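Beneath this line is the structure, given in structure tokens, with notes to follow.
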Number of protein chains: 2
Amino acid sequence: MREPGTGSTGRAQEVTDAMADEKAAPSTLAGRIDALFRVVRRPSREQYSHEEVARACREATGDSFSATYLWQLRTGRRDNPTKRHLEALAQFFHVPVAYFFDDDQGAAVAKELELLGALRDAQVRSMALRAVGLSPEAVGTISDMIDVIARREREHGAADDIA
Amino acid sequence: MREPGTGSTGRAQEVTDAMADEKAAPSTLAGRIDALFRVVRRPSREQYSHEEVARACREATGDSFSATYLWQLRTGRRDNPTKRHLEALAQFFHVPVAYFFDDDQGAAVAKELELLGALRDAQVRSMALRAVGLSPEAVGTISDMIDVIARREREHGAADDIA
DNA sequence: GTGGGTCATGAACTAGAATGAATGAGCAAG
DNA sequence: CTTGCTCATTCATTCTAGTTCATGACCCAC
């Protein structure tokens, strides 16, 4: 009763899965919170009440969290909660905070970061960092040099595999 | 191997040092925002001012965003912004909103942030990607050139021609 | 020097996020 | 039917997120 989420492992996965086939990820904050209420339930499969969730958030974070306000968020009458409240909700429902945002921008950057993961080569990393702050002309010159060297290494068959 | 001998420490090293010193993995919201200001800069490599960022956020979202408040967030005098403001900041600085939270994803992004900042420059990014797969010797050669050019650009004017 | 631009900082204020207490609907005993 | 409980909903209030305005430092042009 006091810590409703504790006994569940991998609940967030349940959430994403069930959400995919149910409402296809609602686009409003209210819709997302409501989806959480419908999907994340007590062991008895009953929905949590607003007061229950609010109390759990209070006890987990030490800060205040009113059931009324949670209802307002869920029904869309309020749609601009603070960082504090978003953290508490994400923690209770076991979802990443990014769930509450439409993260097209975040997804793009995440993809970019993934691409950067390819740059395992420490030397290449350090090279990129050094190039920061150079003039565009200088970077262009270096790029040309890379092309030349890369072609030469390819023609001589000296290119070795990475990773 | 890639040390030019005399000028051992390059410009990028300054960046990494600055990040490692105080904000290697900033745990506070203020620290994270401050890190963004240091890493994400104008094409001229100057830091954005608070007014600049605030105005850009206003124009991008249509909502209000005051420079004073941004300063308060950056210096830690305010630490509980609303969803609206977090979205605007994330959009401007090209980071996922999760970056502002103590989250798994946020932590990962914070770790990669310095490299991301480096590679936000499209030219530098493409340069790095093309360097992947080159032999260590070739990468070392390129790195040496970067050091030399960076040094020359530092000693002469910033927008100096390199021919 | 003086005037005008940009900047970080601070104080005073406004707007709205968030709370608490009150209301009524619904349900299950007694 | 009534009592007692829990819940969603409403409303009035409090508190703080967020803004506006003012100040001083700094730099550059005149």
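Each chain gets a letter, A, B and so on, in the order the sequences are listed, and its residues count up from 1. Atoms considered below: every heavy atom in the structure, side chains included; atoms not considered: hydrogens, waters and symmetry mates. Everything numeric here is computed off the predicted structure, so don't read it as measured data.
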Side-chain contact check for A/Gln72: nearest option of C/dT9, C/dA8, C/dT19 is C/dT19
Does C/dT9 have OP1 or OP2 under 4.0 Å away from a side-chain N or O of B/Trp71? yes
Assert: residue with more 5' nearest nucleotide on DNA chain C, out of B/Glu52 and A/His85, is B/Glu52
To the nearest 0.5 Å, what is the distance between CD (B/Glu51) and CG (B/Leu70)? 9.5 Å
A/Trp71 and A/Leu86: same hydrophobic cluster, using ILVMFWY side-chain contacts below 4.5 Å? no
B/His50 has a side chain; which of C/dT19, C/dA8, C/dT9 sits nearest to it? C/dA8
When rounded to whole Å, the CG to P distance for the pair A/Leu73 and C/dA18 reads 7 Å
A/Asn80 side-chain proximity, nearest of C/dA8, C/dA18, C/dA17: C/dA17
Scan for side-chain hydrogen bond (donor to acceptor under 3.5 Å, both in side chains) pairs involving residues 61-70 of chain A, sequence neighbours excluded, and state none if there are none. A/Ser64-A/Arg84
Taking B/Arg32 for the side chain and B/Phe101 for the main chain, is one N or O donor matched with an acceptor at less than 3.5 Å? yes
Name every residue in residues 54-65 of chain B that has at least one heavy atom under 4.0 Å from any atom of DNA chain D, in order of residue number, or write none if there are no such residues. B/Ser64, B/Phe65
Polar atoms only, N or O, under 3.5 Å: list the protein pairs with nucleotides 21-26 of chain C and their distances.
residue: C/dA21; atom: N6; partner: A/Thr68; partner atom: OG1; Å: 3.3

Counting N and O atoms only, with roles assigned by atom type, does the side chain of A/Arg42 sit under 3.5 Å from a partner on the main chain of A/Tyr48, one being a donor and the other an acceptor? no
With B/Phe65, which residues qualify under ring-ring contact (aromatic ring centres under 6.0 Å, His included), at least two apart? B/His85
What is the distance, to the nearest angstrom, from the OH atom on B/Tyr69 to the P atom on C/dT14? 19 Å
Atom CG of A/Leu70 and atom C1' of C/dA17: how far apart are they, to the nearest Å? 14 Å
Need two values: the first and the last nucleotide of DNA chain D, 5' to 3', having an atom under 4.0 Å from any heavy-atom of chain B. D/dA17 to D/dC21
Does A/Asp79, at its CG atom, have more than 12 non-hydrogen atoms belonging to other residues, nucleotides or ligands within less than 6.0 Å? no
Assign B/Arg74 to base, sugar-phosphate, or nothing according to its heavy-atom contacts below 4.0 angstrom with the strands shown. nothing
Tell me: NZ of A/Lys83 to P of C/dA18, nearest whole Å? 13 Å
With nearest nucleotide decided by heavy atoms, which residue, B/Ser49 or B/Thr82, maps closer to the 5′ end of DNA chain C? B/Ser49
Contacts of type side chain to side chain donor-acceptor pair (under 3.5 Å), residue A/Gln72, not counting sequence neighbours: none
